[in-house]
2 protein chains.
Amino acid sequence: MLEGEVVSVSRNARPGTRQEILDAAARLFAATGFKGTSLQDIAGEVGCSKAALLYHFDGKDAILAELVAPAVAAFAALDARLAGLDEGAAQLAAVEGFVDLVMRFRREVTVLYGDIPDLLQRPALATVQEMTDRLLDALTGRSPEPAARASALMVLGGIPVVCLEPAGLGDDELRSVLIRSAARALNLPVA
Amino acid sequence: MLEGEVVSVSRNARPGTRQEILDAAARLFAATGFKGTSLQDIAGEVGCSKAALLYHFDGKDAILAELVAPAVAAFAALDARLAGLDEGAAQLAAVEGFVDLVMRFRREVTVLYGDIPDLLQRPALATVQEMTDRLLDALTGRSPEPAARASALMVLGGIPVVCLEPAGLGDDELRSVLIRSAARALNLPVA
DNA sequence: CTCAGAACTGTCCGATCGGTCAGATCCTGA
DNA sequence: TCAGGATCTGACCGATCGGACAGTTCTGAG
């Protein structure tokens, strides 16, 4: 009551809108993907008009650009740092640096993968999520330990990526390399 | 020349159209994502009208559903098989089975990740691709061996996935677990 | 030769997309 | 007090989206 006049935030001319837009966009991009999120969706989440978004940003792409800019810059810093190291040092620094990078910019990474959870929710792929959960369980040896789950999740997410781009290996070789790498990551005795 | 009459394929009433649609859709979904691909795009790739697509399929979702159905079925078979095994056997079978599954259905997996290459092509993320290539190089210890590249790619793709969903671990623990798992996968001496 | 059905086309539809624009509202400093 | 810039709104735009529909062409069985 004392400060009713001051507290009452006018609906217009708020200074924090720009950051609110970025936060809302990050949430929506992560949930439904960049293409699956309209300016109207973001405006609704923020509580402003679509035109207000375009006052603060040059367009939908500009929102994405500003959202990921810090992560891209940090990635570039890592890239530059690795360039100055020899093989052995770079290898270790790459692992540590990439883990740090991804953990620090979880939100931005989630945006990058944003379309997948939306796809997985469609009827055609609805069962995949539960099956993936059970597969993760099997990969841990049915252990509930978070550390085991983390390792299994890395394997579960890493294997598909390998198959995305053509490796210079035949299928049989690639198969055995993948299985052995995964087994090492999971601390499994080599088959 | 002998069979000119038989060979001349009439533009209408071809029997293979349904499969052609699925192939074209798979290519386009993989390149520009499901949401980023319009029915018009698919029709153009096939060389038929948009209405022809909707004659063969109940809608865009139905095309996706039929495209991924074999992969989902194979995943379900793996899921059922793992359910009947004890921890140790299931763990090994899960690794082998998942690698086999992903390799056999590369195309379908690519569709699932289809939106990412398109996002990466935008100006805001254009540099990420080159930096990722160099990071992959560093992770292999600057080795050009395909086997080393495959392991590094698994790590590179797996680490972000772990950060997507909240693990039951604090940041410091998660960090060290990830680094150690990755190091094992890469055959690095533990730091 | 006929004709039923499969395969396909051109056209149209309502909804929604990203984006523009003229003006209303608000805050600030002179 | 008042001018002016920053902030924001409602209305509107052309393009494109997924999809519906009536009609046309082709094929193969009788």
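In this text, all values refer to a predicted model and were calculated from it rather than measured experimentally. All values below come from the heavy atoms of this structure, side chains included, with hydrogens, waters and symmetry mates left out.
Regarding contacts with the backbone of D:dC8, a side-chain N or O of A:H56 is found under 4.0 angstrom from either OP1 or OP2. When the side-chain nitrogen and oxygen atoms of A:T17 are compared with OP1 and OP2 of D:dT7, none of them lie within a distance under 4.0 Å. The side chain of B:Y55 contributes no N or O atom lying less than 4.0 Å from OP1 or OP2 of C:dC8.
Listed by first and then second residue, the side chain to side chain donor-acceptor pair (under 3.5 Å) pairs that reach into residues 155-177 of chain B are A:D100-B:R175, A:R106-B:D171, B:S176-B:R180, sequence neighbours excluded. Under the side chain to side chain donor-acceptor pair (under 3.5 Å) criterion, the residue pairs touching residues 38-49 of chain B are B:R27-B:E45, B:S38-B:D41, with sequence neighbours excluded.
The CZ-P distance, from A:F57 to D:dT7, rounds to 12 Å in whole Å. Rounded to a whole Å, the CG atom of A:D58 is 9 Å from the P atom of C:dG19. Distance, A:L54 CG to D:dT7 P: 15 Å, rounded to whole Å. Computed from coordinates, the A:F29 CZ to C:dG18 C1' distance equals 12 Å when rounded to whole Å. In this entry the distance linking CD1 of A:I42 with P of C:dT16 reads 17 Å, nearest Å. Atom pair A:K35:NZ and D:dC17:P shows a separation of 12 Å (rounding to whole Å applied). Atom-to-atom, CD1 of B:I63 to C1' of D:dG18 comes out at 11 Å; the value is rounded to the nearest Å. Look at CG on B:D61: it is 7 Å from P on D:dG19, rounded to the nearest Å.
Among the atoms of the strands shown, only primed sugar atoms or phosphate atoms (P, OP1, OP2) are found under 4.0 Å from some heavy atom of A:S38. Contact annotation for B:L39: backbone-only contact, meaning every heavy-atom pair under 4.0 Å involves sugar-phosphate atoms and none involves a base.
A search for side-chain contact (heavy atoms from CB on, under 4.5 Å) contacts involving A:A182 returns A:V155, A:I159, B:V95, B:M154, not counting sequence neighbours.
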Indicate every side-chain donor-acceptor pair of residues 139-147 of chain A with a distance under 3.5 Å to a residue at least two apart or in another chain.
residue: A:T140; atom: OG1; partner: A:D137; partner atom: O; Å: 2.7
residue: A:T140; atom: OG1; partner: A:R142; partner atom: N; Å: 3.3
residue: A:T140; atom: OG1; partner: A:S143; partner atom: N; Å: 3.1
residue: A:T140; atom: OG1; partner: A:S143; partner atom: O; Å: 3.3
residue: A:R142; atom: NH1; partner: B:L85; partner atom: O; Å: 2.8
residue: A:R142; atom: NH2; partner: B:L82; partner atom: O; Å: 3.1
residue: A:S143; atom: OG; partner: A:E145; partner atom: N; Å: 3.1

List the atom pairs, with distances to 0.1 Å, where a side-chain N or O of residues 61-72 of chain B and a protein N or O form a donor-acceptor pair under 3.5 Å, not counting sequence neighbours.
residue: B:D61; atom: OD1; partner: A:R122; partner atom: NH1; Å: 2.7
residue: B:E66; atom: OE1; partner: B:R18; partner atom: NH2; Å: 2.7
residue: B:E66; atom: OE2; partner: B:R18; partner atom: NE; Å: 3.2
residue: B:E66; atom: OE2; partner: B:R18; partner atom: NH2; Å: 3.0

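Closest approach to the A:C48 side chain among C:dT9, D:dT9, D:dG18 is made by D:dT9 (side chain taken as heavy atoms from C-beta onward). Looking at the side chain of B:K50, the nearest of the listed nucleotides D:dG18, C:dG19, C:dT9 is D:dG18.
Taking only distance into account, the side chain of A:K60 never meets the base of C:dG19 through a donor-acceptor pair shorter than 3.5 Å.
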Discussion item. Is there a side chain to side chain donor-acceptor pair (under 3.5 Å) between A:R184 and A:S181? Walk through the geometry before answering.
Written reply: CA-CA 5 Å; A:R184 283 196 307 271; A:S181 294; 3.3 Å; yes

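For the helix from C:dC1-D:dG30 to C:dA30-D:dT1, the end axes, each set by the C1' atoms of five terminal pairs, are bent relative to each other by 0° (nearest 10°).
When the shell of 6.0 Å around CG of A:D86 is examined, it contains more than 12 heavy atoms from other residues, nucleotides or ligands.
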